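Everything below concerns the one structure shown next.
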There are 4 protein chains.
Amino acid sequence: MLLEIDLQSEVPIYTQLVNAIVEGIARKRLLPGDALPSVRGLASDLGINLHTVNKAYQILKQEGYVQINRKQGVVVNPDSMPPADQPYRQRLAEQLRPFIADAICRGLTKEQFDELSRSVFEDMRREENSNVD
Amino acid sequence: MLLEIDLQSEVPIYTQLVNAIVEGIARKRLLPGDALPSVRGLASDLGINLHTVNKAYQILKQEGYVQINRKQGVVVNPDSMPPADQPYRQRLAEQLRPFIADAICRGLTKEQFDELSRSVFEDMRREENSNVD
Amino acid sequence: MLLEIDLQSEVPIYTQLVNAIVEGIARKRLLPGDALPSVRGLASDLGINLHTVNKAYQILKQEGYVQINRKQGVVVNPDSMPPADQPYRQRLAEQLRPFIADAICRGLTKEQFDELSRSVFEDMRREENSNVD
Amino acid sequence: MLLEIDLQSEVPIYTQLVNAIVEGIARKRLLPGDALPSVRGLASDLGINLHTVNKAYQILKQEGYVQINRKQGVVVNPDSMPPADQPYRQRLAEQLRPFIADAICRGLTKEQFDELSRSVFEDMRREENSNVD
DNA sequence: GTGGTCTAGACCACT
DNA sequence: GTGGTCTAGACCACA
């Protein structure tokens with residue numbers, strides 16, 4: 001499991017970490033029950049502070065992506081993923097609004113938007129049946 | 001043109017302003033050549049700082065959404081909108097990645113994602129032919 | 001609004017802070033819309049680190065007790081308090097279990113338990129109509 | 001005597017153990033003089049560390065719930081239970097404070113609180129006259 | 001060795 | 001001046 005972080009980005013490091021791990025789960029590089037690196041281990045690997053890693057893990061825990069226990073450390077939630085319920089969908093729609101407004105102004109059609117999002121979907125699912133990692 | 005700002009939101013006010021104005025253009029409530037409220041007027045209307053409004057307008061100018069003239073003040077760019085070129089699409093795909101990864105984890109299908117984004121598209125286009133505002 | 005913290009206690013400082021503020025709201029010393037001290041101000045008043053205060057504020061925000069905005073800092077949620085819904089009641093019952101099991105073993109009757117909890121209730125409500133603070 | 005441990009919980013395992021055993025006594029599944037499982041046996045049953053079980057037993061001993069003999073191992077105190085004396089009541093009141101403050105903020109009445117605690121009391125006493133376990 | 005807590009001190013974004 | 005982020009380094013509880 002390779003995590004790439006851009007220290008220059010405006011996106012906070014802990015957010016990049018959260019995104020990278022969620023993407024790892026989506027790509028099935030990380031499977032339910034898999035252990036994540038220890039806070040200190042990952043921090044030193046990435047050359048960042050352990051608090052930054054900890055914050056990312058706490059967010060993932062709060063959202064239901066991982067469990068934190070005293071024995072194994074942090075593991076991908078083996079029981080369930082966060083639900084695609086109504087509150088989530090509403091939040092997602094709200095978050096997509098600025099992107100879609102921008103797209104409309106630029107003359108991007110719904111079909112082009114779908115095509116673009118499809119390329120992202122497919123990119124993530126490409127590896128699903130071929131994980132040697 | 002109604003602008004709603006949420007002071008509790010984590011999104012910076014100037015970003016909310018930019019988003020609201022871009023959305024106004026997408027909804028065709030704001031047409032090319034239309035004047036935006038003056039910096040002072042908008043700031044006092046919303047009860048926010050002059051600098052905040054100014055920052056939003058500068059960003060809109062830099063992205064090509066508006067022009068700023070000494071005489072007319074700030075007007076929606078009458079000549080063109082920002083383009084849907086390759087760099088833009090790549091940036092958009094990059095920005096959508098975290099949302100799509102999250103959606104995949106939650107079990108949202110591409111079809112459901114499209115359906116959800118369609119509802120946002122349609123919501124914005126509903127008013128296209130009926131703007132007396 | 002006086003906040004007392006016991007630095008020697010086994011209870012984490014940020015938990016003590018959360019408890020003290022919730023109790024302040026229960027006692028109506030803190031009313032909806034009231035501003036809480038700034039992170040730095042409270043930290044220096046209490047002689048503790050600003051991160052510790054910040055953690056307490058973040059928890060209160062997450063639970064819905066306060067709002068954090070860029071202008072006024074942290075304020076007691078003016079719109080609503082957390083709900084007494086079913087998940088909350090179940091959680092509360094779960095948390096009371098060890099205390100009640102202990103009480104039963106010691107021979108404390110339900111009536112004595114109610115009496116004891118009443119004294120706590122009344123202590124908190126005593127000030128309700130007399131806050132000069 | 002069934003002991004359920006939640007490794008994901010924030011509550012330390014030894015505390016969970018203590019709570020579970022006290023609850024077993026309250027439910028009269030464990031009677032004065034009854035032997036508790038051996039440290040080794042319980043640890044391997046639950047898949048946890050010897051030290052953890054030991055710590056729980058030491059706490060129970062210190063509180064007066066059990067006696068530890070060389071011969072019989074750990075037995076529920078046949079002579080007496082911890083008392084419901086004044087120091088205990090004061091401590092209990094202190095521990096209930098955060099819960100009651102929270103309840104008040106959420107609009108839970110004293111009557112609803114009593115009702116909720118009654119359900120816990122009754123749940124524990126339900127089995128009193130029918131323990132074949 | 002794991003995460004949890006706390007400190008001291010720094011820089012930045014926002015208003 | 002506010003909170004948000006990050007660092008460096010420390011001690012402790014838990015297993």
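Below, read A as the first sequence line, B as the second, and so on, with proteins coming before strands; counting in each chain starts at 1. Below, each value reflects all heavy atoms present in this structure, side chains not excepted, and no hydrogens, waters or symmetry copies. In this text, all values refer to a predicted model and were calculated from it rather than measured experimentally.
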Under a criterion of less than 4.0 angstrom to any heavy atom of chain A, what are the 5'-terminal and 3'-terminal contacting nucleotides of DNA chain F? F/dT5 to F/dA15
Excluding sequence neighbours, so at least two apart, what forms side-chain hydrogen bond (donor to acceptor under 3.5 Å, both in side chains) with C/Gln90? none
Can you list, pair by pair, the side-chain donor-acceptor contacts under 3.5 Å of residues 94-103 of chain D, counting residues two or more places apart and other chains?
unit_1: D/Glu94; atom_1: OE2; unit_2: D/Arg97; atom_2: NH1; d: 2.7
unit_1: D/Arg97; atom_1: NE; unit_2: C/Glu23; atom_2: OE1; d: 3.3
unit_1: D/Arg97; atom_1: NH2; unit_2: C/Glu23; atom_2: OE1; d: 2.9
unit_1: D/Arg97; atom_1: NH2; unit_2: C/Glu23; atom_2: OE2; d: 2.7
unit_1: D/Asp102; atom_1: OD1; unit_2: C/Tyr65; atom_2: OH; d: 2.2
unit_1: D/Asp102; atom_1: OD1; unit_2: D/Arg106; atom_2: NE; d: 3.1
unit_1: D/Asp102; atom_1: OD2; unit_2: D/Arg106; atom_2: NE; d: 3.4

Report the stems of DNA chain E as range-with-range entries sorted by first number; a stem here is at least three consecutive pairs, Watson-Crick or G-U wobble, both distances under 3.5 Å, and write none if there are none. E:1-14 with F:1-14
Using heavy atoms to find the nearest nucleotide of DNA chain F for D/Tyr14 and A/Pro12 separately, return the residue whose nucleotide is more 5′. A/Pro12
On DNA chain F, compare the nucleotides closest to D/Thr15 and A/Thr15; which residue's is nearer the 5' end? A/Thr15
Going by side-chain contact (heavy atoms from CB on, under 4.5 Å), name the residues that satisfy it together with [X], two or more places apart in sequence or in a different chain.
| X | answer |
| --- | --- |
| D/Ala35 | D/Val75 |
| A/Ser80 | A/Asn77 |
| C/Asn54 | C/Val39, C/Gln58 |
| A/Arg70 | D/Pro12 |

Looking at residues at least two apart in the chain, or sitting in another chain, which of them share a salt bridge (Lys or Arg N to Asp or Glu O under 4.0 Å) with C/Arg89? none
Please list all pairs passing the side-chain hydrogen bond (donor to acceptor under 3.5 Å, both in side chains) test where one or both residues lie in residues 35-52 of chain B, with sequence neighbours left out. none
Do any pairs count as a side-chain hydrogen bond (donor to acceptor under 3.5 Å, both in side chains) and have a residue in residues 2-13 of chain B, sequence neighbours left out, and if so which ones? B/Gln8-C/Gln67, B/Glu10-C/Lys61
Using heavy-atom distances to pick each residue's nearest nucleotide on DNA chain E, tell me which of A/Gly73 and A/Glu10 is more 5'. A/Gly73
Pull out every residue in residues 40-57 of chain C that has a heavy atom closer than 4.0 Å to any atom of DNA chain F, ordered by number, or say none. C/Arg40, C/His51, C/Asn54
Any heavy-atom pair between the side chains of C/Leu42 and C/Leu17 that's under 4.5 Å? yes
